[in-house]
Amino acid sequence: SQVLIITVWHDARWGTVTNLIILLAAIPAYANSYFQRSVSIETRKILGRIPYNDKTIVTPGMISSLPPVVQQWLMHSGIVGKPRAYMVRLTQSGTMRIKPSGKWVPFDAEEYFTPQVPAYIWNASIRMNSLLYLNGRDKFVDGYGSMLIKALSFVNVANKQPGQKINESSMLRFLAEISFFPSAALCGYIHWEQIDSHSAKAIMTYKDVTVQGIFHFTANGNINSFTADRYMDTGDAGKPEKWVIENLDFKEMNGICIPCQSKITWELSTGNFHWLNLKITNLEVNRQDLYKSVSVNSRQSLLFPVKSQFNHS
């Protein structure tokens with residue numbers, strides 16, 4: 001149409017404005033489609049490596065060697081008598097901010113885990129304002145972490161490649177998030193040490209990388225919180241900071257009791273930085289059809305996320 005406009009420029013030149021508007025709308029849409037396709041390819045590669053034929057049922061004997069406080073959590077979670085998780089899909093919503101004085105912005109996300117071969121991929125859409133959204137992809141696979149954030153799906157805001165700090169940071173995130181698939185506590189890459197009647201240290205070693213964190217439990221066996229020293233900044237100047245996940249509510253999903261609402265805080269020398277509120281909206285475990293369902297169109301609804309259920313000013 002622009003070629004036709006040029007041929008009759010005097011009479012139709014204002015059509016150029018319409019074409020520019022269409023172009024400005026089309027670029028982010030195309031970029032989002034490309035971004036989602038790239039994440040889908042990465043997701044399918046991760047899910048393609050897992051043992052779909054694993055039918056192992058968790059038994060009381062399998063948890064008997066663990067510290068008593070961890071046994072209590074696993075019994076309370078409901079995993080005993082159920083198949084061990086080999087693939088997990090979560091959908092999430094919440095709010096986040098990038099600095100202590102920043103405004104809260106809503107996000108929606110989807111995350112896949114493979115507990116037996118530890119890996120995850122997190123795909124989020126973050127609504128900064130009425131015009132600007134960010135796509136975020138966080139990944140941990142083969143012991144390597146990486147993070148990619150794009151504005152309007154095509155302008156790089158952050159692109160962190162594997163390195164010692166991000167690898168450890170990503171592994172710590174995986175360790176903390178086994179609260180959503182408790183049978184991972186039985187995997188050989190995690191070693192447990194009881195601290196007291198309400199807490200235990202988890203030490204995860206995988207691909208020559210070792211991290212550790214402390215799970216704090218309520219009297220009835222829920223995970224009250226998780227704390228660890230984690231890299232907030234994975235650049236050259238970054239150093240470990242205290243990272244705290246407080247679980248505010250719990251819910252049974254697919255027969256497993258998990259934290260469904262959490263508050264995440266960095267406890268810095270300059271003061272606490274409460275930066276993220278998380279709500280788990282759905283949990284799916286060991287659905288073999290999930291691999292086939294991962295496609296370029298599976299996440300288009302997250303381009304414009306719904307209003308978050310968290311309200312912060």
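Please read these numbers as outputs of a predicted model, since none were measured by experiment. Index from 1, following the sequence.
- Taking the side chain as every heavy atom from C-beta outward, Lys263 and His274 approach each other to under 4.5 Å.
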field: Worked verdict on Asp54 versus Arg84 for salt bridge (Lys or Arg N to Asp or Glu O under 4.0 Å)
entry: CA-CA 8 Å; Asp54 184 0; Arg84 186 169 59 177; 3.1 Å; yes
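- Not one N or O on the side chain of Lys251 forms a donor-acceptor pair closer than 3.5 Å with the backbone of Ile256.
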field: Derivation and outcome, side chain to side chain contact (heavy atoms under 4.5 Å, CB included), residues Ile63 and Met75
entry: CA-CA 9 Å; Ile63 70 172; Met75 290 294 296; 3.7 Å; yes
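- Between Lys279 and Asp108 there is no salt bridge, since no side-chain nitrogen of the basic residue lies less than 4.0 Å from a carboxylate oxygen of the acidic one.
- One N or O on the side chain of Asn254 and one on the backbone of Leu283 form a donor-acceptor pair closer than 3.5 Å.
- Environment of CD1 in Ile203: crowded, with over 12 heavy atoms of neighbouring residues, nucleotides or ligands closer than 6.0 Å.
- Salt bridge present: Glu241 and Lys239 bring a charged side-chain N and a carboxylate O closer than 4.0 Å.
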task: Go through the steps for Arg89 and Glu111 under the test salt bridge (Lys or Arg N to Asp or Glu O under 4.0 Å), then give the verdict.
output: CA-CA 6 Å; Arg89 175 181 178 267; Glu111 188 168 15; over 6 Å; no
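- For Asn277 and Thr95, the side-chain atoms include at least one donor-acceptor pair closer than 3.5 Å.
- Within a 6.0 Å radius of CG in Asn220, other residues, nucleotides and ligands contribute more than 12 heavy atoms.
- Thr281 and Thr91 are linked by a side-chain donor-acceptor pair at a separation below 3.5 angstrom, with hydrogens and angles left out of the test.
- With Ser199 contributing its side chain and Ile195 its backbone, the two residues share no donor-acceptor pair below 3.5 Å.
- Salt bridge Arg173/Asp138: present, at least one basic N to carboxylate O contact under 4.0 Å.
- In this structure, the side chain of Gln194 engages the main chain of Val69 through a donor-acceptor pair within 3.5 Å.
- Gln92 and Trp122 share a donor-acceptor pair across their side chains, judged by distance under 3.5 Å alone.
- Remark: side-chain polar atoms of Asn135 are not paired, donor with acceptor, to backbone N or O of Lys150 under 3.5 angstrom.
- In this structure, a donor-acceptor pair under 3.5 Å is absent between the side chains of Arg137 and Ser38.
- We find that Glu168 and Arg230 are not joined by a salt bridge, their nearest charged nitrogen and carboxylate oxygen being 4.0 Å or further apart.
- Put simply, the side chain of Val141 does not reach to within 4.5 Å of the side chain of Glu42, judged on heavy atoms.
- Neither Tyr231 nor Met96 shares a network with the other; the hydrophobic side chains, linked directly or stepwise wherever heavy atoms of I, L, V, M, F, W or Y lie under 4.5 Å apart, form separate groups for each.
- Phe215 and Val244 fall into different hydrophobic clusters, where Ile, Leu, Val, Met, Phe, Trp and Tyr are joined by side-chain heavy atoms under 4.5 Å apart, directly or via other members.
- Using a 4.5 Å heavy-atom threshold, the side chains of Leu186 and Leu74 count as touching.
- Val88 has its side chain within reach of Pro115: a pair of non-hydrogen atoms, C-beta onward, lies under 4.5 Å apart.
- Under 3.5 Å, the side chains of His216 and Thr227 contain a donor-acceptor pair of N or O atoms.
- Ser262 and Asn247 are linked by a side-chain donor-acceptor pair at a separation below 3.5 angstrom, with hydrogens and angles left out of the test.
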- prompt: Does the side chain to side chain contact (heavy atoms under 4.5 Å, CB included) test come out yes or no for Leu134 and Val157, once each step is laid out?
  reply: CA-CA 9 Å; Leu134 303 179; Val157 175; 4.2 Å; yes
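- Separation of the Phe113 and Phe181 ring centroids falls under the 6.0 Å cut-off.
- Summarising the local packing, OH of Tyr144 is surrounded by 12 or fewer heavy atoms from other residues, nucleotides or ligands at distances under 6.0 Å.
- Of the possible polar contacts, none joining the Gln261 side chain to the Asp249 backbone as a donor-acceptor pair under 3.5 Å is found.
- Each of Ile214 and Tyr189 belongs to its own hydrophobic cluster when Ile, Leu, Val, Met, Phe, Trp and Tyr are linked at side-chain heavy-atom distances under 4.5 angstrom.
- Side-chain heavy atoms closer than 4.5 Å link hydrophobic residues (I, L, V, M, F, W, Y) into clusters, and following such links, even through other members, never connects Ile41 to Val117.
- The cluster map of Ile, Leu, Val, Met, Phe, Trp and Tyr, joined by side-chain heavy atoms under 4.5 Å apart, puts Trp192 and Met62 in the same cluster.
- Classification of the Phe140-Phe174 ring pair by plane angle, with boundaries at 30° and 60°, yields tilted.
- In this structure, the side chains of Trp266 and Asn272 stay at 4.5 Å or more apart for every pair of heavy atoms.
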